[in-house]
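Comments concern the structure below.
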Amino acid sequence: MTEDGKFKKVVRRRARETGQRYTEALEDLEGVERRLFHAPSADRVLSHLRDRYGPGPTAVTAMSRHNNHVFRIDRGAEA
């Protein structure tokens, strides 16, 4: 079975489970792999941490060549 055939099965199952038509389920699932398996960048992680927690984080460094979701977070000196 081809990868395309596997995807069609997933689309059919989603359509059956949600009561959608095949084309509606296909629209929902197109690009799902890209959304699930995105590669975060150190700059975006740092920006998110600063927005969420304030100016504490000073640097973000990718830690693994094999897993792009592992980062080291450096924080500034605490008062």
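Computed over heavy atoms, backbone and side chain alike; hydrogens, waters and symmetry mates excluded.
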Path from V45 to V70 over hydrophobic side-chain contacts below 4.5 Å
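No, separate clusters.
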Nearest-0.5 Å distance that lies between atom [atom1] in [X] and atom [atom2] in [Y]:
X   : Y   : atom1 : atom2 : result
L29 : R14 : CG    : CZ    : 5.0 Å
R75 : L49 : CZ    : CG    : 11.0 Å
S41 : F71 : OG    : CZ    : 7.0 Å

More than 12 non-hydrogen atoms from neighbouring residues, nucleotides or ligands closer than 6.0 Å to CD on E24, yes or no?
yes
Do the non-hydrogen side-chain atoms of [X] and [Y] ever get within less than 4.5 Å of each other?
X   : Y   : result
Y22 : V11 : yes
L26 : F7  : yes
H48 : L46 : no

Would you name the heavy atoms of R50 and P57 that are closest together and state the gap between them?
NE-O, 3.1 Å
Just do the side-chain contact (heavy atoms from CB on, under 4.5 Å) check on Q20 and D28 with the steps written out, would you?
CA-CA 10 Å; Q20 293 177 314; D28 286 349; 2.7 Å; yes
